[in-house]
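Because only heavy atoms are used, hydrogens play no part in the values below, and waters and symmetry mates are left out as well, while side chains stay in.
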Amino acid sequence: MEDHTGKSEEPFIGTHVPWKLIEGEMFRVTHFTPFAIVQGNKVEAPSAPMPYALLTVESPILNQPAKIPVNHREEFLNLWDIFQRDGGVPPRGELLVSYLPYRGFLGPLLRLGTARLHMRLTGQGELERYYSDDRHWQRPSARRYFFPEGGGRRCACGMKLYTFVVRCAKCGRPVLD
């Protein structure tokens, strides 16, 4: 994509690239640009058409970096915790993100209010290892990466975590592992 000056512009997921096209793909977050802020326990969000934040991401499936809007409060709080409170991604690590909408019986209804961007803090090079398996190129399967089969996932506080949860309801911890 090029802007009016002829410079290369990163495509926006949801505008230039349909969400459906990236469902189940994995991305590395390279930059976090917040538009909202957190004061105490309250999120001060921008006006309605603006997302809470933008993520600049990269992945072998794209030929250039892209921007992903952060449209849900819970996703934003996770990113705020990582980048503003915890000092960012550790030096020898990376933050992976994938768009994984809820697919259950109430899927169309829950997609409106539940988070869709699932995140994982990993060691450096995990994205390349993930895509070194040709199966991930042919059929996006990040859902299995984030939700292994037979996995009754639990938070460190003991609360059961469902596949559409990105932040523990009991203790407020981000689900990043």
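The line from CG of Leu95 to CZ of Phe27 is 13.0 Å long, rounded to the nearest 0.5 Å. With rounding to the nearest 0.5 angstrom, the NE2 atom of His118 is 14.0 Å from the CG atom of Leu96. Separating the CG atom in Asn78 from the CG atom in Leu121 is a distance of 10.0 Å, to the nearest 0.5 Å. Once rounded to the nearest 0.5 Å, the distance linking CE of Met26 with CD of Glu126 reads 7.0 Å. Between His31 atom NE2 and Leu55 atom CG the span is 9.5 Å, to the nearest 0.5 Å. Taken to the nearest 0.5 Å, the CG atom of Leu54 stands 6.0 Å off from the NZ atom of Lys67.
Using a 4.5 Å cut-off on side-chain heavy atoms (C-beta onward), Leu79 and Val70 make contact. Between Val97 and Arg120 there is no side-chain heavy-atom pair separated by less than 4.5 Å. Side-chain contact check for Ile61 versus Tyr131: some heavy-atom pair is nearer than 4.5 Å. Side-chain contact between Pro60 and Glu128: absent, with no pair of heavy atoms (C-beta onward) separated by less than 4.5 Å.
Using the six-membered ring where Trp is involved, Phe32 and Phe76 have ring planes that are tilted, between 30° and 60° apart.
The two residues Trp80 and Pro34 have their closest heavy-atom pair at CZ3-CB, 4.2 Å. Minimum interatomic distance between Gly24 and Leu100 (heavy atoms only, all atoms of both residues): CA-CD2, 3.8 Å. Nearest heavy atom pair, residue Ser98 against residue Glu25, reads OG-O, 2.7 Å. Of all non-hydrogen atoms in Ala45 and Tyr52, the two that sit nearest each other are CB-CE2, 3.6 Å. For Pro69 against Ile13, the heavy-atom pair with the smallest separation is CD-O, 3.4 Å. Closest of all the heavy-atom pairs between Glu94 and Leu127 is OE2-N, 2.8 Å.
Listed by chain and residue number, Arg28, Thr30 satisfy the side chain to side chain contact (heavy atoms under 4.5 Å, CB included) test with Glu58 (two or more places apart in sequence, or in another chain). Residues passing the side chain to side chain contact (heavy atoms under 4.5 Å, CB included) test with Thr15, sequence neighbours excluded: Phe12.
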Worksheet entry | Val29 vs Val89, side chain to side chain contact (heavy atoms under 4.5 Å, CB included): CA-CA, chis, key distance, verdict | CA-CA 9 Å; Val29 175; Val89 178; over 6 Å; no
Practice prompt. Could you walk me through whether Glu10 and His16 pass the side chain to side chain contact (heavy atoms under 4.5 Å, CB included) test, one step at a time?
Written response: CA-CA 9 Å; Glu10 295 150 339; His16 303 117; over 6 Å; no
